[in-house]
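Worksheet: the structure to be examined is printed underneath.
Values below: every heavy atom of this structure, side chains too, minus hydrogens, waters and symmetry copies. From a predicted model like this one, the values you see are computed outputs, not experimental measurements. Just so it is clear: chains get the letters A, B, ... in the order the sequence lines come, proteins before strands, and each one is counted from 1.
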Amino acid sequence: MNELIEFISSNLQITYIIILATFVGIEVIKSIPAVLHTPLMSGANALSGVVIVGAILVMLHSDPTDYVALALGFIAVVLGVLNVVGGFAVTDRMLEMFKKKK
Amino acid sequence: MNELIEFISSNLQITYIIILATFVGIEVIKSIPAVLHTPLMSGANALSGVVIVGAILVMLHSDPTDYVALALGFIAVVLGVLNVVGGFAVTDRMLEMFKKKK
Amino acid sequence: MKIGILKETQKGEKRIAISPNVAKLLISKGFELLIEEDAGKNSSYKNSDYCDIQVAVEKRGVVFKEADVLVKINPFDDEDLKMVHKGQVLVSQLYYKSSPELIEAIAAKGATAFSLDAIPRISRAQDMDVLSSQSNLAGYKAVILGANEMTKIFPLMMTAAGTITPSKVLIYGVGVAGLQAIATAKRLGAVVEATDIRTETKEQAESLGAKFISVENKGEESEGGYAKEASEDYAYRQKEAVNKSLFQADLVITTANIPGRKAPVLITEEQVSQMKNGAVIIDLAAAQGGNCEVSIMSKTIVKNGVKVIGTTIAPESVSTNASELFAKNIYNFLMHLTENNQFKWDLEEEITDETLIVKDGTIRKK
Amino acid sequence: MKIGILKETQKGEKRIAISPNVAKLLISKGFELLIEEDAGKNSSYKNSDYCDIQVAVEKRGVVFKEADVLVKINPFDDEDLKMVHKGQVLVSQLYYKSSPELIEAIAAKGATAFSLDAIPRISRAQDMDVLSSQSNLAGYKAVILGANEMTKIFPLMMTAAGTITPSKVLIYGVGVAGLQAIATAKRLGAVVEATDIRTETKEQAESLGAKFISVENKGEESEGGYAKEASEDYAYRQKEAVNKSLFQADLVITTANIPGRKAPVLITEEQVSQMKNGAVIIDLAAAQGGNCEVSIMSKTIVKNGVKVIGTTIAPESVSTNASELFAKNIYNFLMHLTENNQFKWDLEEEITDETLIVKDGTIRKK
Amino acid sequence: MNILLSIIYLISTITFIVGLKKLGHPETAKSGNLIASVGMGLAIVGTIFINDIEVPIIIYVLIGVAITIGSIMGWLIAMKVEMTKMPELVSLFNGFGGASAALIGVVEFIGNDNISGTKATMVATILSAVAIGSITFSGSLVAWGKLNGSLKSVIKIPQYNIINNLFVIAIISFSAYIVMSGSDSQLFLYGLLGLGIVYGVLFVLPIGGADMPVVISLLNSLTGIAAAITGVLYDNMVMLVGGILVGSAGIILTISMCKAMNRTLGSVIFGSFGATAVAEEGINKSLGTIKKTTSSDAAIMMNYATNVIIVPGYGLAVAQAQHVIHELEELLVSKGVNVKYAIHPVAGRMPGHMNVLLAESNVDYSILSEMDDINPQFANADVVLVVGANDVVNPAAHNDPASPIYGMPILDVEKAKHIVVNKRSMKAGYAGIENELFYNSKTSMLFGDAKEALTELVGELKGM
Amino acid sequence: MNILLSIIYLISTITFIVGLKKLGHPETAKSGNLIASVGMGLAIVGTIFINDIEVPIIIYVLIGVAITIGSIMGWLIAMKVEMTKMPELVSLFNGFGGASAALIGVVEFIGNDNISGTKATMVATILSAVAIGSITFSGSLVAWGKLNGSLKSVIKIPQYNIINNLFVIAIISFSAYIVMSGSDSQLFLYGLLGLGIVYGVLFVLPIGGADMPVVISLLNSLTGIAAAITGVLYDNMVMLVGGILVGSAGIILTISMCKAMNRTLGSVIFGSFGATAVAEEGINKSLGTIKKTTSSDAAIMMNYATNVIIVPGYGLAVAQAQHVIHELEELLVSKGVNVKYAIHPVAGRMPGHMNVLLAESNVDYSILSEMDDINPQFANADVVLVVGANDVVNPAAHNDPASPIYGMPILDVEKAKHIVVNKRSMKAGYAGIENELFYNSKTSMLFGDAKEALTELVGELKGM
Ligand SMILES: NC(=O)c1ccc[n+]([C@@H]2O[C@H](COP(=O)([O-])OP(=O)(O)OC[C@H]3O[C@@H](n4cnc5c(N)ncnc54)[C@H](OP(=O)(O)O)[C@@H]3O)[C@@H](O)[C@H]2O)c1
Ligand SMILES: NC(=O)c1ccc[n+]([C@@H]2O[C@H](COP(=O)([O-])OP(=O)(O)OC[C@H]3O[C@@H](n4cnc5c(N)ncnc54)[C@H](OP(=O)(O)O)[C@@H]3O)[C@@H](O)[C@H]2O)c1
Ligand SMILES: NC(=O)c1ccc[n+]([C@@H]2O[C@H](COP(=O)([O-])OP(=O)(O)OC[C@H]3O[C@@H](n4cnc5c(N)ncnc54)[C@H](O)[C@@H]3O)[C@@H](O)[C@H]2O)c1
Ligand SMILES: NC(=O)c1ccc[n+]([C@@H]2O[C@H](COP(=O)([O-])OP(=O)(O)OC[C@H]3O[C@@H](n4cnc5c(N)ncnc54)[C@H](O)[C@@H]3O)[C@@H](O)[C@H]2O)c1
């Protein structure tokens with residue numbers, strides 16, 4: 001608990017950002033048609049690939065001799081990109097069906 | 001323009017907060033029945049009364065000898081409170097009609 | 001004031017001017033009523049129905065002798081007039097425009113006569129408007145009669161033994177009768193088309209689901225809700241427009257009237273000869289000479305496979321309802337004319353003025 | 001194979017077994033057709049309609065002499081049988097259960113006979129099921145007839161001259177005819193009630209907007225879609241449940257049948273005497289002895305103000321459609337029995353087995 | 001900054017969001033308002049009592065007094081104003097909010113010993129607080145005046161929108177100048193204040209009364225922004241976020257208000273405004289003006305009604321809306337509303353016209369009432385929905401001996417609490433005469449083809 | 001931090017929000033996805049090239065390689081997977097995301113020379129990244145396995161949900177311990193990693209395939225949270241906000257998915273899960289299982305169809321849904337869909353039963369087609385809507401000589417692209433026999449009373 005309070009006081013604005021972002025997330029999604037569930041899930045999944053940014057940072061900051069870090073970072077990047085690119089691509093294909101025929 | 005950029009860079013998180021808050025505001029209100037327009041306007045108006053906080057701060061910080069500041073602050077507080085209390089009260093009365101008769 | 005209810009003598013007539021319900025109403029208003037015996041029989045009202053509510057059931061002669069006001073649906077004929085005496089008030093449909101000699105005769109008797117068919121078509125008179133109330137029923141009945149005479153059924157049916165296509169019904173004249181005919185035919189699932197000289201009837205017909213056949217109309221306007229006589233030219237254009245539908249129709253109902261004039265001929269013998277074998281025509285204007293050349297009043301003529309039935313907007317066959325409504329009209333009419341059971345004779349007032357044809361032997365309208 | 005179409009001789013009958021359309025179909029399938037002259041007249045089919053499509057129009061005698069198969073709607077009577085010769089195939093409704101002597105006679109002639117009314121009530125036989133196709137039309141027509149006979153109109157109408165309350169219609173027997181009657185009456189705006197011995201009909205009646213009068217049913221089940229005879233006790237309970245509605249009804253239509261048996265009596269004379277003055281009863285079971293004690297086949301009897309009309313589920317009056325459907329049924333039936341224009345005589349097969357009553361002079365069913 | 005206070009602010013911010021959210025739905029609106037107000041209370045109390053600086057009692061006293069006065073006044077005004085006057089009240093309050101913001105700006109500016117020293121952004125913030133605050137202040141007051149009628153005529157200033165836009169530019173550039181120059185002249189400050197006030201007046205003055213609500217909502221969102229700016233000033237989260245919320249929500253609200261009156265926000269901001277408000281349709285010299293309504297308003301009215309009576313007329317037949325009206329009726333019944341149809345004997349164009357229609361859509365005969373039975377019942381109907389009927393509900397039949405329908409019995413819909421009339425236009429019916437019912441203060445007109453209008457209505461009702 | 005980069009991040013964050021928003025509506029979904037992806041691209045490119053530190057080429061090369069590999073693989077997989085296999089693919093990708101997050105955590109932990117020195121919160125962050133990352137990783141992989149069938153049987157572990165909850169506690173307390181102790185032992189780290197992985201497996205393993213989508217969505221929102229945490233780690237806004245967005249959106253999505261399958265999220269999280277999935281209704285040994293659908297899915301299908309054929313049956317009459325079906329038909333037509341009714345000669349319980357019904361609601365005769373005319377047209381119908389019909393669309397009439405309806409002509413709805421069947425249950429019709437049409441892979445069942453179901457359908461369609 002104290003940790004939490006401490007965290008809040010030290011990153012007050014972060015906290016606001018988190019809360020607001022949460023609201024945005026909720027408001028934006030609520031009440032969507034069921035057919036969109038899967039595409040949306042897939043899209044969100046692609047978004048969750050932002051970790052890639054972290055992975056890249058890891059590599060940028062790790063020094064070229066620290067092979068472990070590099071290796072892990074490398075894998076992390078590969079996986080992350082997979083998630084991102086694959087995710088968006090699949091989502092796009094799922095959404096094919098919504099092209100108006102007329 | 002530079003000001004803007006400068007501002008952003010100096011208060012990055014504030015910027016995020018502003019943007020997110022804007023989204024929240026929009027998402028929360030869009031697509032409401034027309035009958036609620038007036039009550040909602042009134043409610044929002046009451047909320048905009050948060051300036052009162054500022055007014056109070058002014059008074060708290062101004063030194064007791066600075067009559068101008070005090071006077072202005074005093075008026076500011078009165079008006080602010082009027083806005084807040086009156087606003088919520090009116091809104092509440094407007095919403096009477098939505099009490100289910102049954 | 002004594003009101004005498006007469007039995008209808010005209011052949012085929014099953015209605016009666018005053019129903020038990022309305023009789024009760026009148027009595028409650030303080031009128032005295034007497035009725036000719038068995039007058040209600042054909043509308044399935046027993047004499048007892050009247051007795052029970054203190055209406056005196058009397059022989060015909062007695063009614064004529066004692067009543068101050070004599071009510072009847074059809075015009076008083078010579079037989080009746082013989083028994084009418086001075087000062088009596090006659091209430092019925094006189095069609096005075098088309099039957100001057102009758103009016104003369106009444107005047108000669110020194111009697112007073114109101115003509116119900118002359119009630120003006122103004123909003124406040126709608127509840128006395130016998131034409132409306134009766135033609136409405138006539139419109140319904142015409143369809144039922146037609147459906148009964150046809151060798152086909154109305155609705156579309158897709159069955160194991162094949163599909164029955166819906167009957168095509170064509171209505172001439174979208175007045176009260178015409179509209180009700182449209183509604184009824186439509187209800188039974190027929191495909192309904194209609195035409196009328198008054199352009200404003202298009203929307204009305206469509207509002208009941210009929211397809212309206214518009215005939216371009218060069219100035220044949222209506223007056224007071226009634227149509228004027230159509231020009232040669234219009235009649236021609238009408239045939240042009242309607243024939244296609246006519247020759248495919250399974251049932252045709254004609255309701256076209258021009259008050260006080262002979263009904264317009266809308267279907268010639270030649271046209272009939274081109275119609276479908278087995279088709280049926282119901283001519284509600286037969287009494288006014290008929291909208292169909294072939295039709296003869298209250299007769300069924302078959303012209304190469306086409307049945308032509310001549311009848312009127314007087315819906316005798318649904319006598320129970322017809323009488324009920326007619327009676328209600330008369331009731332409203334009397335209520336309008338009288339004040340605590342005495343006539344007001346307010347000749348300024350539109351309805352009185354229009355309907356009072358003969359007053360104490362002097363003819364007011366021709 | 002030559003098919004001979006006979007004119008119906010039974011009085012009142014207006015239908016014909018094969019319509020021009022179906023005749024065309026049969027010819028296209030390679031059958032030869034001949035027809036007795038004027039056979040189609042009452043269904044508004046001209047002889048020319050048949051000639052035009054290569055159906056030979058012949059004198060009665062010729063048809064009997066030349067045809068291999070003789071088709072007809074009503075049972076062959078003695079007159080017909082005189083002219084039937086050995087080996088001929090007779091197709092018509094024979095009601096063999098109730099008319100053994102006719103069957104004997106046919107057998108004696110050494111002919112072969114199919115009875116259309118014996119077609120089993122199985123799904124794939126629905127398109128040959130003459131009972132369905134005909135009772136369906138009968139149900140419709142019963143309502144039209146009733147509406148025509150009544151002195152009231154069906155729908156509710158709130159008019160300037162007062163409100164007309166909707167007519168109350170009561171239907172006995174929610175079979176094919178009953179259901180169609182419900183649908184039609186409902187369409188015209190009547191308030192419809194119905195009752196049936198088969199409980200499964202409740203939902204069906206309600207699906208057409210009728211109120212179902214349930215009679216608690218102790219084991220009177222149906223078999224093959226048909227009802228069994230009802231117990232004394234049931235009959236009693238039924239009266240209990242229905243009387244209230246019966247005595248208020250303006251129109252009553254009875255369609256209750258138990259195949260091969262006399263129709264159940266559902267309305268006794270005593271009940272009729274308590275009905276509304278001016279009410280009408282249409283008894284579609286009159287031919288089977290009638291559901292109403294009073295009714296007599298093809299007669300109109302008036303019992304203190306109540307009109308009782310006896311008729312059958314044979315909808316002669318809508319002969320055009322009736323013939324069309326009947327013909328289609330026969331067509332499907334023949335298609336089922338034959339293979340390139342020759343009978344298959346596949347006696348194992350259910351439909352053939354059930355309908356083939358006499359084969360070459362030997363009786364298969366009693 | 002004190003952690004406890006921050007958390008309190010955090011909480012109030014959340015209550016604001018949740019409150020606004022709930023305000024958007026009829027069922028939850030009341031509670032939403034409550035929640036938000038509680039949050040506000042927290043924020044205020046927190047601000048006063050939780051702070052790390054040394055505050056002399058006198059100040060507390062002053063604050064206390066100020067708050068008490070404000071609260072009491074606010075409460076009293078809010079409680080005794082009648083329903084119809086509420087919008088103008090809102091406008092008034094809003095003005096106060098603006099003023100408050102402006103004052104804060106002023107104090108900060110003059111209170112600040114070396115403005116020239118402070119960061120440009122800070123000054124900019126202060127000034128914008130002043131400018132926006134003053135604009136909302138004067139603007140709102142004008143709006144208020146217009147609504148309560150003390151400012152009647154629509155004053156038309158020639159080319160006023162050119163002038164307006166010039167003003168905007170002036171204000172911006174002037175404040176920009178102050179910032180750049182880093183001057184601390186109070187003259188400039190008051191000059192800005194003045195400009196703001198004048199602009200507020202000019203902005204609102206030419207606008208027709210009908211459009212005031214839109215203006216108020218717009219000004220209101222401005223106040224929000226002002227609040228946010230002051231928030232930045234003190235980097236005070238609750239003000240910042242709260243202000244922004246009001247700001248953005250306010251804009252959206254404004255836009256949807258415009259939509260509801262089918263105008264564009266553009267036409268609102270750049271003066272074309274009011275233009276139409278002058279040539280309002282359905283103003284009749286003798287009978288006054290009509291009140292338009294939207295399907296959603298009508299829907300809510302009915303949703304919360306106990307008794308609804310439907311009066312069908314010829315228009316129902318023309319639109320072939322018999323099926324939809326039945327759907328509407330069923331829907332209302334399912335929501336526990338008592339629904340009846342009032343059938344006038346001559347509604348439509350043939351006897352029994354309405355009966356045919358309603359029978360087709362299987363309306364139960366038992367809820368069709370004749371004129372004589374239903375007329376006494378209008379008095380305790382919450383809403384009467386008149387669909388495509390006209391003559392049969394025309395009071396002229398009672399009041400106006402000159403009228404062609406004088407003497408015809410009619411349905412006394414006037415007795416009901418609310419009357420909603422659906423027709424396509426202000427055109428007359430069969431009798432071809434004006435109908436004063438439409439101008440009745442209890443009546444609101446729902447224009448449009450009956451079928452479409454009712455379908456919308458059903459849609460709205462389903463959403464509730 | 002570099003201002004340009006911050007702005008880029010800001011932009012991509014906004015694209016994420018907008019993207020998600022648009023993903024929520026059929027019309028805009030595609031563009032939403034595009035926008036979001038662009039934003040993501042920006043963020044990545046930005047991160048790589050805009051930084052103030054000195055980065056050796058080799059690293060750039062490595063990153064370049066990694067990204068190329070990832071992109072190409074991702075793209076290829078995504079392109080060649082067939083529609084039906086997509087959910088499992090999503091699950092797989094999600095697993096990768098989780099792994100990535102976990103790895104980052106690991107690197108940070110081991111890369112950090114004096115963990116014991118760093119602030120507790122930091123360590124906590126790192127550890128949670130590891131834990132959550134690993135859970136999503138293994139969980140997603142299991143889900144993937146289950147979906148593509150390589151992990152068939154529903155493994156039922158005794159009291160598994162007690163065990164699960166124990167695990168949760170273990171993980172939390174363990175990481176708590178690490179934080180407190182300030183230990184920097186990699187052993188511990190890998191221990192945590194291990195725990196996470198095992199838990200992920202345990203969590204998903206007992207769940208029935210039917211519920212996998214829910215699980216995936218849940219895990220997905222976990223990944224989001226992991227991302228956000230790493231965001232905090234680098235106080236990197238785009239990761240933070242993006243992560244939170246996915247996190248919250250994911251939860252909501254999960255909940256609405258549960259709703260759609262009418263379950264509660266509770267039942268999902270605490271194991272009771274899958275339980276029902278075993279005893280699915282409408283599983284028939286010989287015929288296989290049926291596919292349920294919701295009105296909104298059906299609505300969308302029709303909305304985007306070109307040809308729709310409606311097959312009414314006895315059920316339409318029972319439900320008295322003739323008016324609603326007409327409304328539906330009109331609505332579709334207004335959306336440019338060609339609609340026809342296919343009337344089977346013996347649909348209903350009397351000849352012409354359907355005709356009577358549809359005539360009542362004024363369906364135009366011209367769009368009623370007889371069986372023989374319509375049967376050839378089913379082949380190019382996008383959707384067939386079967387309403388309360390059963391026997392008349394039962395293929396047994398063709399295929400099964402034993403069947404009582406064998407030989408009866410039927411409507412060949414099977415030929416259509418999609419078939420939606422509305423009835424209340426799996427009960428048989430008049431003939432009292434099973435109908436294999438309902439088990440057809442092209443068929444989806446819309447259960448419920450015809451009137452209610454169609455009314456919902458209409459509602460959904462109006463919303464589009
Ligand atoms: N019942 C009878 O037997 C009979 C016979 C003859 C005459 N009349 C007369 O007809 C009148 C009947 O009164 P009423 O109130 O039923 O009809 P009404 O007075 O004619 O008024 C009908 C109203 O419906 C509106 N309307 C038309 N189409 C519409 C649509 N598609 N959607 C929405 N509204 C529509 C019209 O206004 P907009 O154009 O602005 O939409 C019109 O004002 C009486 O005057 C009666 O005397 C009755
Ligand atoms: N037309 C005729 O002349 C005639 C006469 C006699 C017999 N038949 C026979 O009747 C059958 C007609 O075929 P059909 O497909 O029209 O009907 P059906 O085969 O009887 O199937 C009707 C289906 O509708 C569903 N249903 C019932 N009420 C419903 C409601 N309220 N909402 C939604 N669905 C509902 C029922 O399933 P749930 O219970 O699961 O909802 C049932 O499976 C044929 O077998 C035919 O041979 C026809
Ligand atoms: N008080 C009222 O407002 C009131 C009361 C009753 C009737 N009306 C109106 O009066 C009108 C006439 O009523 P009605 O039915 O007694 O009229 P009607 O019986 O005199 O004639 C029937 C119809 O035939 C039509 N017709 C005449 N000549 C024709 C021709 N050559 N070709 C085609 N059609 C022709 C007429 O236009 C009329 O519509 C109707 O519109 C009715 O609504 C008004
Ligand atoms: N192939 C098929 O599936 C098929 C074809 C045609 C008819 N049918 C069904 O067969 C059933 C009977 O058809 P039908 O109309 O020829 O029957 P029907 O003409 O033999 O009898 C008419 C109705 O009278 C009822 N009835 C009999 N005795 C009664 C009594 N004492 N009281 C009340 N009602 C009584 C019967 O139940 C039946 O509903 C119907 O349900 C019909 O749907 C099925």
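- When heavy atoms are compared at a cutoff of 4.5 Å, E/P404 approaches chain C solely by way of its backbone atoms N, CA, C and O.
- Checked against ring pair (Phe, Tyr, Trp, His ring centres under 6.0 Å), E/F378 has no partners two or more places apart in sequence or in another chain.
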Notebook entry, point to check: Is there a side chain to side chain donor-acceptor pair (under 3.5 Å) between E/S403 and E/D400 once you walk through the steps?
Noted result: CA-CA 5 Å; E/S403 155; E/D400 172 8; 4.8 Å; no

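- Residue E/Q320 touches chain C through its side chain alone, counting heavy-atom pairs closer than 4.5 Å.
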What donor-acceptor contacts under 3.5 angstrom involve side-chain atoms of residues 384-394 of chain E, with partners at least two apart or in another chain?
from: E/N390; atom 1: OD1; to: E/N435; atom 2: ND2; distance (Å): 3.0
from: E/D391; atom 1: OD2; to: E/Y430; atom 2: N; distance (Å): 3.2
from: E/D391; atom 1: OD2; to: E/A431; atom 2: N; distance (Å): 2.8
from: E/N394; atom 1: OD1; to: E/A396; atom 2: N; distance (Å): 2.9
from: E/N394; atom 1: ND2; to: E/E434; atom 2: O; distance (Å): 3.0

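- Under the ring pair (Phe, Tyr, Trp, His ring centres under 6.0 Å) criterion, no residue pair touches residues 390-424 of chain E, with sequence neighbours excluded.
- Checking C/S19, C/S43, C/S44 one by one against C/S323, the side chain to side chain donor-acceptor pair (under 3.5 Å) holds for a single residue, C/S43.
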Next item on the list: Test C/Q134 against C/N329 for side chain to side chain donor-acceptor pair (under 3.5 Å), laying out the working first.
Entry: CA-CA 10 Å; C/Q134 300 300 298; C/N329 290 138; 4.8 Å; no

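- The minimum heavy-atom distance between C/I27 and C/I53, with the atom names listed, is CD1-O, 3.0 Å.
- Within the 4.5 angstrom heavy-atom criterion, only backbone atoms of C/E206 (N, CA, C, O) approach chain E.
- E/L316 does not touch chain C: none of its heavy atoms, backbone or side chain, sits under 4.5 Å away.
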Note to self: Walk me through whether E/K340 and E/S369 qualify under side chain to side chain donor-acceptor pair (under 3.5 Å).
What the structure shows: CA-CA 7 Å; E/K340 288 224 178 91; E/S369 316; 5.2 Å; no

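- Identified by a heavy-atom distance below 4.5 Å to chain E, the contributing residues of residues 177-187 of chain C are C/L179, C/Q180, C/A183, C/R187, in residue-number order.
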